[in-house]
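All values below come from the heavy atoms of this structure, side chains included, with hydrogens, waters and symmetry mates left out.
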Amino acid sequence: MLRLLASRCARGPGARGVARPAAGLRDRCRAPGRQASDAPRNLPPSSEVVARPVGVCSMMRLPVQASPEGLDAAFVGVPLDTGTSNRPGARFGPRRIREESVMLRTINPSTGALPFQSLMVADLGDVNVNLYNLQDSCRLIQEAYQKIVAAGCVPLTLGGDHTITYPILQAMAKKHGPVGLLHVDAHMDTADKALGEKIYHGTPFRRCVEEKLLDCKRVVQIGIRGSSTTVEPYRYSRNQGFRVVLAEDCWLKSLVPLMAEVRQQMGGKPMYISFDIDGLDPAYAPGTGTPEIAGLTPSQALEIIRGCQGLNVVGCDLVEVSPPYDPFGNTALLAANLLFEMLCVLPKVRVV
């Protein structure tokens with residue numbers, strides 16, 4: 001009885017079949033082919049029918065599917081924090097974000113977005129990473145995401161530290177070529193190396209530039225702040241053609257005008273959203289490894305993501321949630337909401 005109830009909760013009302021148990025992306029199970037536009041889609045269960053504590057712990061209690069086949073978009077966990085430079089714990093981020101996502105509902109009345117009426121969405125579980133070998137983890141992530149994007153599925157990633165964006169963008173570039181990037185963060189993440197290592201959460205975007213994964217004229221970094229080891233910490237990014245928007249330039253103002261400029265800069269070409277939760281002020285998001293004071297507000301985060309509506313978003317991630325420093329779950333709850341907002345701005349989502 002409990003197993004049947006959990007299955008029904010995960011599938012949601014109106015969906016067909018029974019949800020598969022949680023499984024890794026490397027499983028060879030095949031999902032049904034992409035459904036017709038008028039066919040039933042996965043729908044998170046309503047708390048008016050199913051109590052919030054009931055059901056499988058998946059993102060928004062969506063069905064857990066082993067394969068990206070048949071999906072328009074999917075939530076994917078990458079529980080890796082081997083690349084962190086300060087407080088660890090982001091390996092537990094995906095699980096905690098899923099727990100807090102039970103508060104989310106299916107429609108975005110602020111924007112009119114109807115993501116679950118527009119797209120076939122599921123939770124693909126977690127990528128199996130190697131916690132003892134960061135380079136091998138990057139290989140596993142890249143291979144997993146190549147399968148996702150090859151299936152025509154847009155991944156929305158639950159991190160994990162920011163190292164994971166590097167192999168994800170490797171997979172993205174294989175399909176789309178160099179992509180534009182909207183990067184929200186307190187830090188540039190363009191360092192060359194630390195402790196002799198060239199791969200960790202402070203270097204992903206330098207590695208991406210070196211491998212020509214980014215369309216550098218369409219890269220925008222927002223929320224940058226904090227102390228530095230150099231007088232000109234923004235030089236590398238600006239030399240590549242990135243637009244760098246400092247946190248000080250965002251204080252006490254709406255970011256709607258900024259995002260109008262960003263939309264024009266991105267154009268209609270493929271672009272990726274990478275959102276580090278430490279882009280927000282630690283007063284709102286304390287559960288992260290490298291907090292910096294005087295950051296963005298949650299309302300500004302919404303303005304940034306909602307400002308991407310109409311753009312050709314081919315993937316998103318939300319990284320650096322560290323539950324050990326988030327005792328009340330506020331950071332993970334905020335992260336879950338931002339991931340929902342990212343889902344709402346995907347290109348095929350209808351707006352009423």
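Under a 3.5 Å cut-off, the side chain of Q65 and the backbone N or O of E69 do form a donor-acceptor pair. Using modelled atom types, no side-chain atom of R91 and backbone atom of D81 make a donor-acceptor pair closer than 3.5 Å. Here the side chain of Q142 pairs no donor or acceptor atom with the backbone of Q170 at under 3.5 angstrom. Without hydrogens or angle criteria, D281 side chain to L296 main chain gives no donor-acceptor distance under 3.5 Å. In this structure, N330 contributes its side chain and D326 its backbone to no donor-acceptor pair below 3.5 Å. Checked by atom type and distance alone, the side chain of R139 never pairs as donor or acceptor with a backbone atom of P167 at under 3.5 Å. With hydrogens and angles ignored, the 3.5 Å screen pairs a side-chain donor or acceptor of E303 with a backbone N or O of L255. For the pair R87 (side chain) and Y325 (backbone), a donor-acceptor distance under 3.5 Å is absent. Judged by distance alone, with hydrogens and angles left aside, the side-chain atoms of S322 form no donor-acceptor pair with the main-chain N or O of G287 at under 3.5 Å. Q264 places no side-chain N or O within donor-acceptor distance of the main-chain N or O of A260, the cut-off being under 3.5 Å.
Results of the side-chain hydrogen bond (donor to acceptor under 3.5 Å, both in side chains) test with T290 over N86, D185, T84, D278 single out D278 as the only residue that passes.
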Query raised in the report: Hey, mind stepping through T163 and L134 against side chain to side chain contact (heavy atoms under 4.5 Å, CB included) and telling me if it holds?
Result: CA-CA 9 Å; T163 310; L134 191 54; 4.1 Å; yes
Query raised in the report: Would I141 and L80 count as a side chain to side chain contact (heavy atoms under 4.5 Å, CB included) if you check the C-alpha gap in whole Å, the side-chain angles of each, and the deciding distance to 0.1 Å?
Result: CA-CA 10 Å; I141 296 166; L80 181 73; 4.2 Å; yes
Requested in this report: Take D123 and R98 through the salt bridge (charged side-chain N to carboxylate O under 4.0 Å, His left out) test and state the conclusion after the steps.
Outcome: CA-CA 10 Å; D123 189 325; R98 287 182 172 109; 2.8 Å; yes
**Report entry** Derivation and outcome, side-chain hydrogen bond (donor to acceptor under 3.5 Å, both in side chains), residues N130 and S137
**Finding:** CA-CA 5 Å; N130 184 344; S137 288; 5.4 Å; no
Requested in this report: Would you check, one step at a time, whether the test side chain to side chain contact (heavy atoms under 4.5 Å, CB included) holds for Q117 with L43?
Outcome: CA-CA 8 Å; Q117 288 75 20; L43 191 66; 4.0 Å; yes
Report task. Let me see the working for Q240 and V219 under side chain to side chain contact (heavy atoms under 4.5 Å, CB included), right down to the final yes or no. Result -> CA-CA 9 Å; Q240 309 313 309; V219 175; over 6 Å; no
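In this structure, R243 and E261 have side chains that are in contact, with non-hydrogen atoms separated by less than 4.5 Å. Contact annotation: the side chain of F340 approaches that of M60 to within less than 4.5 Å [non-hydrogen atoms, C-beta and beyond]. Looking at heavy atoms from C-beta onward, V244 lies in side-chain contact with L246 at the 4.5 angstrom threshold. Two residues are said to be in side-chain contact when any heavy atoms from C-beta on lie closer than 4.5 Å; M59 and L158 meet this criterion. The shortest side-chain heavy-atom distance between V184 and I304 falls under the 4.5 Å cut-off. Residues L213 and M172 form no side-chain contact, since every pair of their non-hydrogen atoms from C-beta on lies 4.5 Å or further apart. Contact check for C308 versus R263: no side-chain heavy atoms found under the 4.5 Å cut-off. The shortest distance between side-chain heavy atoms of L343 and L339 does not fall below 4.5 Å.
E211 pairs by the salt bridge (Lys or Arg N to Asp or Glu O under 4.0 Å) definition with nothing, not counting sequence neighbours. The side-chain contact (heavy atoms from CB on, under 4.5 Å) test applied to N312 returns P270, V314, P347, not counting sequence neighbours. Every residue meeting the side-chain contact (heavy atoms from CB on, under 4.5 Å) condition with P286, not counting sequence neighbours, appears here in chain and number order: T331. Contacts of F205 classified as ring-ring contact (aromatic ring centres under 6.0 Å, His included), with partners at least two apart in sequence or in another chain: H162, H183. For E248, there are no salt bridge (Lys or Arg N to Asp or Glu O under 4.0 Å) partners at least two apart in sequence or on another chain.
The distance from the CD atom of Q309 to the OG1 atom of T111 is 5.5 Å, given to the nearest 0.5 Å. Rounding to the nearest 0.5 Å gives a distance of 8.0 Å between CE of M120 and CZ of R41. Atom CG in D317 sits 12.0 Å away from atom CG in L338 (nearest 0.5 Å). Interatomic distance, CG of N42 versus CG of L71, reported as 7.5 Å (0.5 Å rounding). Here the straight-line distance linking atom CG of L114 with atom CG of N108 works out to 9.0 Å at 0.5 Å rounding. Interatomic distance, CG of L140 versus OH of Y145, reported as 12.5 Å (0.5 Å rounding).
Residues C250 and I222 approach most closely at SG-CG2, 4.1 Å, considering heavy atoms. Pairing each heavy atom of V54 with each of R61, the nearest pair is O-NH1, 2.8 Å. Looking at every heavy atom in both residues, C344 comes nearest to V349 through O-CG1, 3.6 Å. For L280 against R225, the heavy-atom pair with the smallest separation is O-NH2, 3.2 Å. Between V321 and A335, the shortest heavy-atom contact is CG2-CB, 3.7 Å. Residue G77 comes nearest to P94 through the heavy atom pair CA-CB, 4.0 Å, listed as atom of the first residue, atom of the second, then distance.
Note on F92 and L333: separate hydrophobic clusters, where clusters join Ile, Leu, Val, Met, Phe, Trp and Tyr whose side-chain heavy atoms are under 4.5 Å apart, directly or indirectly. Taken together through direct or relayed side-chain contacts under 4.5 Å among Ile, Leu, Val, Met, Phe, Trp and Tyr, V102 and F75 form parts of separate hydrophobic clusters.
Environment of CZ in R95: sparse, with no more than 12 heavy atoms of neighbouring residues, nucleotides or ligands closer than 6.0 Å. The 12-atom threshold is exceeded at NZ of K175, counting heavy atoms of other residues, nucleotides or ligands nearer than 6.0 Å. For R235, the CZ atom counts as loosely surrounded, since its 6.0 Å shell holds 12 or fewer non-hydrogen atoms of other residues, nucleotides or ligands. Counting non-hydrogen atoms of other residues, nucleotides and ligands closer than 6.0 Å to CG of L131 gives a total above 12.
With 3.5 Å as the limit, one finds no donor-acceptor pair spanning the side chains of D161 and Y200.
Through direct or indirect side-chain contacts shorter than 4.5 Å among Ile, Leu, Val, Met, Phe, Trp and Tyr, W251 is connected to L252.
Under 4.0 Å is where a charged nitrogen must lie from a carboxylate oxygen, and between K198 and D192 at least one such pair does.
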